[in-house]
Amino acid sequence: MTLFLYNTMSRTKEAFTPLDPARVGMYVCGPTVYDRAHIGNARPVVVFDVLYRLLKRLYPQVTYVRNITDVDDKINARSQERGESIGVITERTTQLFHQDVAELGVLPPDHEPRATAHIDLMIAMIERLIAKGNAYVAEGHVLFNVPSMQDYGALSHRTLDEMIAGARVEVAPYKTHPADFVLWKPSPAELPGWDSPWGRGRPGWHIECSAMSRRYLGDTFDIHGGGQDLVFPHHENELAQSVCANGAPFARYWLHNGYLMVEGEKMSKSLGNFFTVRDLLDQAQGEAIRLTLLSTHYHQPLDWTAEGLKSAKAALDRMYLALRNAQDVQAQDPDQALTPILAALEDDLNTPLAIAHLHELTGALNKAEDEDVKAKAKGALLAAAGLLGLLLQDPEEWLKWQPQAGNSGLSDAEIDGLVQARIDARAARNFAEADRIRTVLTESGIALEDGPKGTSWRRG
RNA sequence: GGCCGGGUGGCAGAGUGGUUAUGCAGCGGACUGCAAAUCCGUGUACGUCGGUUCGAUUCCGGCCUCGGCCUCCA
């Protein structure tokens, strides 16, 4: 099988051929650490985690780099508002980010470089750009000279004229061309700054990714990912800086995930439809959130809805129920059962199709009668789900989970007691009492299942 | 205004030039003390108008409509 990926640069699905098949490199833009991750931030993290898992399966070594932006004007603003030091904010937010994405089943990247630890590399790169005539100094700023870059606009597919025509913002007077962007800007004493040949200052937004991707992946590397909104200006500028400074091609495949909306509207704080990952983790398990994010192809816009989250949870309930019913069976090697799922993922990460196959494998497990077939079906389901980073929990734990906060329901022990009382009533053929107990449980959100091996329960 | 991506059955959401997506919901049946779970069966789907074609939801064009980007928002 061959991996195909949609490349934003060519606007076509291309066969993926790594620069070095022994070592695939991928860089994805990570969070700016000034506030908790929201659900829109989570989408690229989960999508590229699936790609990372797939690449690891297809190639012997994968180097995945996802940066942490810890120098940024939003961070500075937050620090002023809260009267809290920048270091405290970025340190805490980074930790919270790690916790949040870990609960979404996201593997840590191989490198997670922080911008502030690579300022020297950024300065060196800016110096090279100046030396080559691709950047100039003006009023304490260093600016990238956009007209000096031949193919500027190739990634976002727009011409300089279009950009100027569409410019909404006043052009700073020190720019020689309206499209020029900042590589380095001066910092007053109260803001973070580093000594540089151009005085004390801080880097522009784009240069950190150019410097850090080069440090960990080299001048030219395989895959660069991020949200679609980063195509312009961020990735276009990153590309320009890197190509000009290094005199070599930059990323070979550009992947961008679509935007996320909430209940059909753009997510925004003013509409009150703004959710952090933590808000959602308080009401649903990480895997349910993860499945919701993967239920729409990464390239499409994703409409986040309460209904969607509910149906993802129901889908996982069904899968975990099938696994619980097969808990006494030892999962067996899946052999060729993985082929359809791999084929779906290798076709530009078609996760919705892969999930459809997961449903089919669940049905196969439910239908399996003899032990051997069952063992293979269980193995196939677990292996297939594993490719997507799903079904990694103990079924019993999943089915009995309840939200941490605000649960006023029955404890496991209370439920077990009631279930036993009902078993006794049934044994005595006192069905009125048995049904009364079941109603009490149902009203508390507990579903009962009477099977040949006894009664099991789960939280709905 | 410029550029870009969508509009699929009740809902979500893949895909395809002619043949079953898948899940949920609904309906019928099996199983069950009754249920639940599970299994079996069941649906007039492809925004609109034209064009190409033996045949289009799938290709091409117009239109309607939704959304995104256009200098620091994943």
Side-chain angles (χ1 to χ4, degrees), chain A residues 8 11 28-32 37-48 69 72-74 146 153 156-159 161-172 175 178-182 185 204-206 225-234 236-237 256-261 264-268 292 295-297 299-303 305 307-308 310-312 314-315 317-319 321-322 324-325 344 347 350-360 362-363 365-367 369 426 429-432 434-435 438-439 441-442 446-452 455-458 460:
Chain A
T8 305
R11 302 216 167 159
V28 173
C29 292
T32 300
H38 64 249
I39 186 63
N41 295 318
R43 168 123 101 144
V45 176
V46 168
V47 162
F48 290 103
T69 298
D72 180 276
D73 286 351
K74 285 193 295 295
V146 168
S156 54
H157 299 93
R158 59 188 81 198
T159 66
D161 288 346
E162 283 167 10
M163 283 181 252
I164 295 161
R168 295 187 301 195
V169 173
E170 274 182 60
V171 177
K175 291 187 179 180
D180 291 351
F181 56 89
V182 171
K185 54 190 164 190
W205 178 32
H206 318 296
Q228 213 158 54
D229 52 323
L230 293 183
V231 174
F232 188 86
H234 183 53
E236 192 72 62
N237 291 349
H256 293 97
N257 63 273
Y259 219 83
L260 182 136
M261 308 204 301
E265 290 181 303
K266 182 170 175 170
M267 176 167 66
S268 73
T292 309
S295 293
T296 299
H297 185 95
H299 207 249
Q300 297 288 107
L302 165 61
D303 190 14
T305 62
E307 195 56 41
K310 206 173 123 192
S311 82
D317 280 349
R318 186 171 120 88
M319 294 175 197
L321 217 39
R324 180 209 246 174
N325 291 335
D347 183 14
N350 191 339
T351 52
L353 185 57
I355 291 164
H357 292 311
L358 240 43
H359 288 299
E360 284 160 2
T362 303
L365 176 57
N366 281 329
K367 267 174 270 195
E369 289 187 0
R426 288 181 77 210
R429 301 197 63 79
N430 183 355
F431 295 121
D435 289 352
R438 185 170 63 196
T439 304
L441 287 167
T442 305
I446 311 301
L448 294 187
E449 274 121 32
D450 294 331
T455 298
S456 52
W457 63 269
R458 64 191 164 97

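Note on naming: letters A, B, ... go to the chains in the order of the sequence lines (proteins, then strands), and numbering restarts at 1 for each one.
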- line: Separation of B:U32 atom P from A:R429 atom CZ, nearest Å, is 13 Å

statement: For A:R324 and A:S456, the nearest pair of non-hydrogen atoms, with its separation, is NH1-OG, 3.4 Å

query: Considering only side-chain heavy atoms of A:R318, which listed nucleotide, B:G33, B:C39, B:A74, is closest?
result: B:C39

query: OP1 or OP2 of B:A74 less than 4.0 angstrom from a side-chain nitrogen or oxygen of A:N257, does that happen here?
result: no

Inter-residue atom distance A:N257.CG - A:D229.CG, 0.5 Å rounding: 8.0 Å

field: Expected output: side-chain A:D180 to main-chain A:V146 donor-acceptor under 3.5 Å
entry: yes

Derivation and outcome, side chain to side chain contact (heavy atoms under 4.5 Å, CB included), residues A:H206 and A:E236: CA-CA 9 Å; A:H206 318 296; A:E236 192 72 62; over 6 Å; no

query: So which nucleotide from B:G33, B:A37, B:U71 ends up closest to the side chain of A:F181?
result: B:U71

message: In whole Å, measure the gap between the C1' atoms of B:G18 and B:A36 for me.
response: 43 Å

message: I'd like the C1' distance from B:G67 over to B:C59, given in whole Å.
response: 25 Å

- prompt: Between B:A14, B:C39, B:A37, which one does the side chain of A:L353 approach most closely?
  reply: B:A14

task: Between B:G6 and B:U57, how far apart are the C1' atoms? Round to whole Å, please.
output: 15 Å

task: Round to a whole Å and report the spacing from NE2 of A:H299 to P of B:G68.
output: 17 Å

message: Please tell me if A:Y259 has a side-chain N or O lying less than 4.0 Å from either OP1 or OP2 of B:A74.
response: no

query: Between B:U42 and B:A35, how far is it from one P atom to the other, in whole Å?
result: 24 Å

query: What pairs with A:W205 under ring-ring contact (aromatic ring centres under 6.0 Å, His included), at least two apart in sequence or on another chain?
result: A:H234

B:A12 to B:A21 separation - C1' atoms, rounded to the nearest Å: 13 Å

field: Heavy-atom check, side chain of A:H38 versus side chain of A:L260, under 4.5 Å
entry: no

- request: Write down the distance separating the C1' atoms in B:A74 and B:G68, rounded off to the nearest Å.
  value: 13 Å

message: On RNA chain B, compare the nucleotides closest to A:A432 and A:M261; which residue's is nearer the 5' end?
response: A:A432

query: Reckon A:D73 touches a base, only the sugar-phosphate, or nothing at all at heavy-atom distances under 4.0 Å?
result: nothing

query: Which heavy atom of A:G258 sits nearest a heavy atom of A:Q228, and at what distance?
result: CA-OE1, 3.8 Å

field: Under the 3.5 Å Watson-Crick or G-U criterion, the dot-bracket string of RNA chain B, with | for inter-strand pairs
entry: (((((((..(((.....[...))).(((((.......)))))....(((((..]....))))))))))))....

task: For A:G308, report the nucleic acid contact type (base, sugar-phosphate, nothing); a contact means any heavy atom under 4.0 Å.
output: nothing

query: Considering only heavy atoms and no angle criterion, is a donor-acceptor pair shorter than 3.5 Å present between the side chain of A:R158 and the base of B:C4?
result: no

query: Over how many whole Å does the gap from A:L321 atom CG to B:C39 atom C1' extend?
result: 14 Å

- line: Of B:A14, B:C72, B:G33, the nucleotide closest to the side chain of A:K185 is B:C72

field: Closest nucleotide among B:C69, B:G13, B:A36 to the A:T296 side chain
entry: B:G13

- prompt: Does A:K310 put a side-chain nitrogen or oxygen below 4.0 Å from OP1 or OP2 of B:A12?
  reply: no

message: I want to check something: taking the side chain as every heavy atom from C-beta on, are A:T455 and A:R438 in contact at a cut-off of under 4.5 Å?
response: no

5'-most by nearest nucleotide on RNA chain B - A:L448 or A:A356: A:A356

field: Nearest to side-chain heavy atoms of A:L230, which nucleotide of B:A14, B:G67, B:A74
entry: B:A74

- request: Measure the OG1-NE2 distance between A:T351 and A:H357 for me, rounded to the nearest 0.5 Å.
  value: 11.5 Å

A:H297 NE2 to B:G67 P, straight-line distance once rounded to whole Å: 22 Å

field: A:N325 side chain, from C-beta outward: closest of B:A14, B:A37, B:A74
entry: B:A37

- request: Starting at atom CG of A:D180, determine the distance to atom C1' of B:C72, rounded to an integer number of angstrom.
  value: 15 Å

- line: Here the gap from A:E449 atom CD to A:R458 atom CZ, rounded to the nearest 0.5 Å, amounts to 4.5 Å

- prompt: A:R458 near the nucleic acid: base, sugar-phosphate alone, or nothing, with a heavy-atom cut-off under 4.0 Å?
  reply: sugar-phosphate

- prompt: Whole Å only: how far is the CG atom of A:D303 from the C1' atom of B:G5?
  reply: 15 Å

field: Span that lies between the P atom of B:A56 and that of B:G43, in whole angstrom
entry: 24 Å

query: Does any donor-acceptor pair link the side chain of A:D435 with the base of B:G33 at a separation under 3.5 Å?
result: yes

statement: Rounded to whole Å, the CD-P distance (A:Q228 to B:C4) equals 13 Å

Distance-only donor-acceptor test (3.5 Å): side chain A:R438, base B:A35: yes

message: side chain to side chain contact (heavy atoms under 4.5 Å, CB included), that's the test. Do A:R318 and A:N366 meet it? Break it down for me.
response: CA-CA 10 Å; A:R318 186 171 120 88; A:N366 281 329; 4.0 Å; yes

task: For B:G13 and B:C70, measure between their C1' atoms and round to the nearest Å.
output: 31 Å

field: Closest nucleotide among B:G68, B:G33, B:A36 to the A:E449 side chain
entry: B:A36

message: Under 4.0 Å, heavy atoms only, any strand: does A:L358 hit a base, just the sugar-phosphate, or nothing?
response: nothing

message: Taking 4.0 Å as the cut-off, does a side-chain nitrogen or oxygen of A:K74 come that near to OP1 or OP2 on B:C73?
response: yes

task: Mind calculating the distance between CZ (A:R426) and P (B:U32) to the nearest angstrom?
output: 12 Å

- prompt: Which nucleotide in the set B:C69, B:U22, B:G13 lies at the smallest distance from any side-chain heavy atom of A:H359?
  reply: B:U22

query: The side chain of A:R11 lies closest to which of these nucleotides: B:A37, B:C4, B:C69?
result: B:C4

